[in-house]
Q: 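Handing you this structure, nothing more for now.
Order of appearance sets the numbers: ligands from 1, and atoms from 1 within every ligand.
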Amino acid sequence: MGQFPAYRPRRLRQSPALRRLVSETQLNAAQLVLPLFVRGGRKVRRPIHAMPGVFQLSPDELLREAARAFQAGVPAVLLFGIPDRKDARASGAYAANGIVQQAVRLLKKELPQLLVITDVCLCEYMEHGHCGVVRQDQAGVKILNDPTLKLLARTAASHAEAGADMVAPSDMMDGRVRAIREQLDHTGFTDTPIMAYAAKFASAYYGPFREAAESTPKFGDRRSYQMDPANAAEALREVALDIQEGADIVMVKPALAYLDILYRVKTVFGYPTAAYAVSAEHAMIKAAAANGWIDERAVTLESLLAMRRAGADLIITYAAADAVRWLGDI
Ligand SMILES: [Zn+2]
């Protein structure tokens with residue numbers, strides 16, 4: 001370590017060119033994934049109350065939105081579906097002509113170079129809004145783990161069948177990555193990667209998303225399957241399990257309040273690691289910017305850079321399309 005006055009860190013901060021030369025972390029458009037919400041109909045662009053700039057889109061509008069983002073430089077989208085009907089078996093999740101399956105076919109046909117990743121979960125398709133099969137009796141409500149695995153595996157395989165480039169299970173059931181990997185392999189999709197929501201916390205930062213995906217649980221909460229925000233060592237065990245079960249990319253969600261988890265996951269496992277900058281992270285920046293309290297562009301790019309610095313290889317963000325535009329302007 002150098003010492004003052006021989007070592008003066010400010011020497012390398014004197015000009016933009018010098019600062020860029022020694023910059024340790026880069027944020028590139030190639031690392032960003034845009035989440036999109038698709039529902040039935042035509043010419044539907046239903047705004048989401050607490051997520052300015054985010055919409056529920058019918059397939060035709062989804063294609064438009066995805067094409068715009070792709071042309072701007074966003075390489076990948078993550079699809080969430082809102083079905084017309086919900087039931088107790090989440091049958092819309094794995095229907096061959098379900099809303100996500102239709103959307104994947106359309107996007108892959110019209111934009112073959114766009115990477116299409118699908119969220120694999122049951123909550124949007126269940127009448128009760130939970131991510132798994134529910135048993136309700138005098139003892140209370142229980143989210144059943146193993147019966148849920150089959151449905152998740154079927155869902156993932158049907159997305160692959162429709163042409164998805166990657167599947168992303170977000171349910172947090174134990175053993176789901178293995179169940180999905182086996183199903184994909186048995187159905188001929190050995191080359192379809194799995195991006196596992198490996199350390200997904202039961203977070204209040206998901207509030208605005210639940211309106212977007214219409215997936216608010218009708219009773220109870222998700223704390224019996226999503227992780228306790230207090231736990232970091234457990235997050236590492238969750239990630240280890242998903243890697244053992246066949247995850248190709250592991251994700252930490254949310255992002256900004258969980259940078260310590262992101263850092264540990266990347267440092268310990270060295271696996272491709274994703275961060276999901278969730279709905280309330282987006283909403284807080286948008287709301288403060290709308291009040292003129294912060295610079296939206298600067299705060300967004302600094303937040304994304306911080307996720308990269310903490311260890312994220314790729315970032316799922318509602319600001320992906322704006323960010324690629326801003327990165328191009330720099
Ligand atoms: Zn879910």
Q: Less than 4.5 Å apart, any side-chain heavy atom of Met307 and any of Leu256?
A: yes

Q: Please examine the side chains of Lys253 and Tyr197, heavy atoms only from C-beta on, and report whether any two atoms are closer than 4.5 Å.
A: yes

Q: If you take the centroid of each ring, where Trp contributes its six-membered ring, are His159 and Tyr94 closer together than 6.0 Å?
A: no

Q: Taking the six-membered ring where the residue is Trp, are the ring centres of Phe201 and Tyr258 under 6.0 Å apart?
A: yes

Q: Before giving the answer on ring pair (Phe, Tyr, Trp, His ring centres under 6.0 Å), spell out for Phe80 and Phe209 the whole-Å C-alpha distance, their side-chain angles and the decisive distance to 0.1 Å.
A: CA-CA 11 Å; Phe80 294 86; Phe209 174 93; 5.1 Å; yes

Q: Would you please name every residue forming a salt bridge (charged side-chain N to carboxylate O under 4.0 Å, His left out) with Arg89, sequence neighbours left out?
A: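 For Arg89, no residue satisfies salt bridge (charged side-chain N to carboxylate O under 4.0 Å, His left out) once neighbours in sequence are set aside.
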
Q: Return the number of protein N, O or S atoms with a distance to the Zn ion (ligand 1) smaller than 2.8 Å.
A: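 Protein N, O or S neighbours of the Zn ion (ligand 1) under 2.8 Å, waters not counted, come to 3.
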
